[in-house]
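Reading through the structure tokens given below for one structure.
Numbered from 1 within each chain, the chains take letters A, B, ... in sequence-line order.
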Amino acid sequence: MILEKKIENQVASYLKSICGEGDYNELVHLQKTRAGFKGDITLVVFPLLKLLKQKPAEAAQGIGEYLSDNMQEVMSFNVIKGFLNIEIDPGWWTGYMNMILQEDSLLKKPDNKDSSPVLVEFSSPNTNKPLHLGHIRNNLLGMSISRIIEASGKPVKKVNLVNDRGIHICKTMLAWQKWGDGTTPEKADIKGDHFVGEYYVMFEKELRKEIDKLRSESYTEEEALQKAPLMKEAREMLRKWESGDRETLDLWKTMNRWVYEGFDETYKELGVSFHKVYYESGTYKVGREVVEEGLKRGVLEKKEDGSVWADLGKYSLDKKLLLRSDGTSVYMTQDIGTAVLRYNDFSPAEMLYVVGNEQDYHFKVLQIVLRELGYEWAEKVKHISYGMVELPGGRMKSREGTVVDADDIISEMEITAQRLSEELGKLDEVPPGKRSEVVKMIGMGALKYFILKVDPRKNMLFNPEESIDFNGNTGPFIQYTHARVCSLRRKCSEAGITEQESSPIVDMSSKELMLLKLLYDFQGVVSQAAEDHSPALIANYVYELAKEYNQFYHDHPILRESRRDVQQFRLLLSVCTGRVIKSAMYLLGAEVPERM
RNA sequence: GGUUCCGUAGCUCAGCUGGAUAGAGCAACAGCCUUCUAAGCUGUGGGUCCCAGGUUCGAAUCCUGGCGGAAUCACCA
């Protein structure tokens with residue numbers, strides 16, 4: 001971006017010299033020169049014509065001459081219609097490459113450790129079910145976005161909010177009490193979250209039976225739900241939980257612990273971690289206090305039945321319930337409490353919530369309610385809304401048993417990676433002790449890349465039948481390219497070709513130049529991705545880079561090249577590509593092997 | 001019904017803060033390993049950018065209206 005900024009400033013000062021003082025930077029529209037045209041960076045002059053009172057070609061010519069005269073980086077230019085194509089001295093790109101190769105990291109480090117962090121909430125599981133495919137997208141997005149923001153220079157705190165209380169937890173507890181017969185995940189040899197999930201399913205099944213029976217006695221669905229003995233028991237348990245009943249709390253703690261042990265395993269596989277975990281059991285009361293205070297100040301209103309509401313009429317929205325008539329809090333109340341707690345804990349610069357787009361309305365309201373309650377930091381709350389993961393048959397539905405389990409997907413990816421690696425004989429290259437690590441890397445690389453390469457805002461399709469490809473636009477393709485670079489470096493080192501600074505070579509092929517320019521783009525892509533909260537930009541970029549590199553690799557040999565400076569240049573180009581790939585994959589939460 | 005989001009090749013997706021000739025991968029077909037890793041490379045075919053208007057030098061991109069799909073509008077979370 002430094003080069004574009006420089007050109008922009010030069011064009012602006014040219015405009016100043018002709019049209020007088022003013023801020024012209026906004027009008028300077030630069031883009032990469034389109035393939036098929038000569039040049040590197042193109043200035044679109046149409047927006048400047050009114051100002052210059054010239055014809056397109058004339059204006060472009062004038063600017064081109066000015067840039068040539070005033071910037072040594074500009075080697076030459078050509079004008080086609082309203083497009084000024086600027087050619088940069090190839091030596092400039094080489095110099096840039098040499099420069100970044102000396103940096104110990106291609107990613108920025110957060111400047112001042114004590115400046116306000118960006119808070120990123122993601123994951124946010126319920127403790128009655130294991131994680132599924134939708135959670136995977138959430139977790140991967142959260143991790144990746146956190147890393148990207150950090151790489152753009154801002155400190156980040158990753159936070160999780162566990163929904164550990166409520167009627168659904170009571171359902172599992174009740175089911176376990178009734179039918180669990182004292183078993184534990186250890187005794188049953190089942191992962192804790194799956195173990196607990198089974199009791200939730202069991203409860204729903206038994207409840208269904210009761211409801212069906214009641215309906216056959218001509219009750220409506222709603223009445224049946226009220227009347228069903230199991231539901232009554234569950235509600236009674238929730239009441240006991242809220243009143244602090246020791247026995248209930250003990251069971252609750254035990255079962256949640258089982259779930260957390262399960263989650264921890266999954267998080268570990270996914271490479272997910274947090275700076276701080278919040279629990280709704282610890283935040284919902286804060287929410288209630290805040291709401292009650294708002295009520296006192298007259299910002300909120302109370303109905304006759306005791307329920308508390310926020311009137312959002314002036315935002316042309318409905319009224320929103322904040323406390324039930326029995327005084328218990330709802331989802332919104334809990335989120336208010338959590339937000340307040342977090343703000344006090346971190347005084348963050350921003351509070352980002354990675355949550356599915358099914359909750360767009362919720363977050364819109366959350367921000368408004370916070371504002372109404374008088375929190376001036378309400379504007380810092382931002383919902384990073386992402387699309388649903390759909391299956392070929394549509395949405396995942398737990399009732400139809402089409403939910404794709406997170407642990408299943410993870411292990412399937414690894415099994416596939418293992419099988420393919422063996423079939424291709426790729427593991428022979430890898431030291432025996434490292435094989436399982438590499439296989440995991442590839443399986444997870446495939447999964448992470450597959451999920452993250454699509455624009456977060458869009459719904460995406462996941463087809464478990466066809467599984468995930470390992471060829472073409474995939475994680476393994478990018479990892480492979482990295483391994484290729486590593487292999488090449490080893491060979492070069494044996495041949496005595498050093499990785500010292502490259503001299504600007506004159507005889508550069510168009511493919512080499514293209515690669516160089518692509519490497520230069522990386523930092524711009526990172527800041528764009530940070531701004532847009534979009535790992536997809538990184539994914540698309542690194543794919544493009546890997547593809548370009550493989551083309552370069554195909555017809556630019558190093559060991560068989562006789563010119564020493566060309567050998568060295570190509571090696572450095574490879575080293576730099578490898579580093580950018582590794583950094584980009586890191587931003588996607590994926591690792592990259594040295595052999596595969 | 002109101003609101004929001006989406007609609008690009010057979011399939012999955014890029015491109016969208018307006019710019020030149022709309023791109024990849026998969027699938028299909030045809031080639032390239034005695035030469036730095038073939039999970040690679042090269043080539044062929046494949047398009048009403050949902051439709052219709054508008055804005056302007058210029059629209060896949062912005063605006064309006066349709067059509068189609070999804071989400072949401074709970075004293076669920």
Side-chain angles (χ1 to χ4, degrees), chain A residues 29 31 33-37 42 44-47 49 56 80-83 85 124 126 163 166-168 280 303 305-309 316-318 320-326 328-332 334-335 356-362 364-365 385 387-388 390 392 394-395 417 420-421 423-424 426 429 442 446 450 453-455 457-463 466 469-481 483-492 494-495 497 528 531-532 536-537 539-540 543-544 546-547 549-551 553-561 570-571 574 595-596:
Chain A
H29 183 61
Q31 60 190 38
T33 301
R34 208 188 162 88
F37 295 90
T42 293
V44 184
V45 299
F46 292 108
L49 297 181
I80 296 171
K81 294 194 280 180
F83 299 93
N85 300 319
S124 325
N126 289 354
N163 177 13
I167 192 77
H168 51 286
E280 281 189 5
K303 277 197 192 171
D305 64 2
S307 56
V308 178
W309 299 75
S316 57
L317 295 170
D318 289 338
K320 187 76 192 174
L321 178 85
L322 295 180
L323 287 178
R324 296 190 186 97
S325 46
D326 63 4
T328 56
S329 56
V330 292
Y331 182 37
M332 185 62 72
Q334 292 159 183
D335 261 359
N357 62 13
E358 54 195 350
Q359 294 189 32
D360 285 356
Y361 180 71
H362 173 79
K364 192 178 174 186
V365 172
S385 167
M388 302 287 98
E390 284 162 6
R395 270 191 101 168
L420 277 176
S421 299
E423 276 172 21
L424 294 168
K426 294 290 185 182
E429 306 265 333
I442 295 167
F450 182 86
K453 76 172 177 185
V454 345
D455 185 335
R457 288 167 309 190
K458 292 189 177 175
N459 287 1
M460 65 175 293
L461 186 103
F462 185 90
N463 189 344
E466 294 171 13
D469 224 311
F470 284 56
N471 299 314
N473 188 357
T474 65
F477 168 78
I478 292 153
Q479 291 171 318
Y480 171 78
T481 309
R484 230 179 189 183
V485 168
C486 291
S487 167
L488 184 53
R489 288 177 72 177
R490 290 190 294 267
K491 290 274 158 59
C492 283
E494 284 165 22
I497 303 164
Q528 189 64 47
E531 206 172 303
D532 296 356
L537 297 182
N540 291 327
Y543 170 64
E544 176 75 18
K547 205 167 49 142
Y549 181 79
N550 279 312
Q551 289 166 5
Y553 179 90
H554 190 262
D555 21 58
H556 294 78
I558 296 181
L559 298 181
R560 278 185 287 117
E561 170 62 48
R570 288 178 183 168
L571 174 58
S574 303
R595 298 170 203 262
M596 70 180 270

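In terms of modelled atom types and a separation under 3.5 Å, the side chain of A:D335 and the main chain of A:Y331 share no donor-acceptor contact. Listed for the A:R595 side chain is no donor-acceptor partner under 3.5 Å among the backbone atoms of A:S487.
OP1 or OP2 of B:C5 has not a single side-chain nitrogen or oxygen of A:R457 nearer than 4.0 Å. Put simply, A:R324 has no side-chain N or O that comes within less than 4.0 Å of OP1 or OP2 on B:A74. The phosphate of B:A71 (OP1 or OP2) has a side-chain N or O of A:R395 nearer than 4.0 angstrom. Phosphate proximity of B:A38 to A:R484: present, with a side-chain N or O under 4.0 Å from OP1 or OP2. Contact annotation: A:R489 side-chain N/O to B:U37 OP1/OP2 distance is not under 4.0 Å. Contact between the side-chain N/O atoms of A:Q551 and the OP1/OP2 oxygens of B:U42 is found at a separation under 4.0 Å.
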Heteroatom pairs (N/O) under 3.5 angstrom, protein to nucleotides 10-13 of chain B:
from	atom 1	to	atom 2	distance (Å)
B:C13	OP1	A:L461	N	2.6

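Figure legend. B:C13 is base-paired to B:G23; pairs are counted as Watson-Crick or G-U wobble with both atom distances under 3.5 Å.
A donor-acceptor contact closer than 3.5 angstrom links the side chains of A:S574 and A:Y549. A side-chain donor-acceptor contact under 3.5 Å links A:D360 and A:S385.
Contact annotation: side chain of A:S487 to base of B:C36, donor-acceptor pair absent below 3.5 Å.
Within 90° of 0 lies the glycosidic angle of B:C33, which makes this nucleotide syn.
Comparing B:C57, B:G15, B:A70 by their nearest atom to the side chain of A:L537 picks out B:G15.
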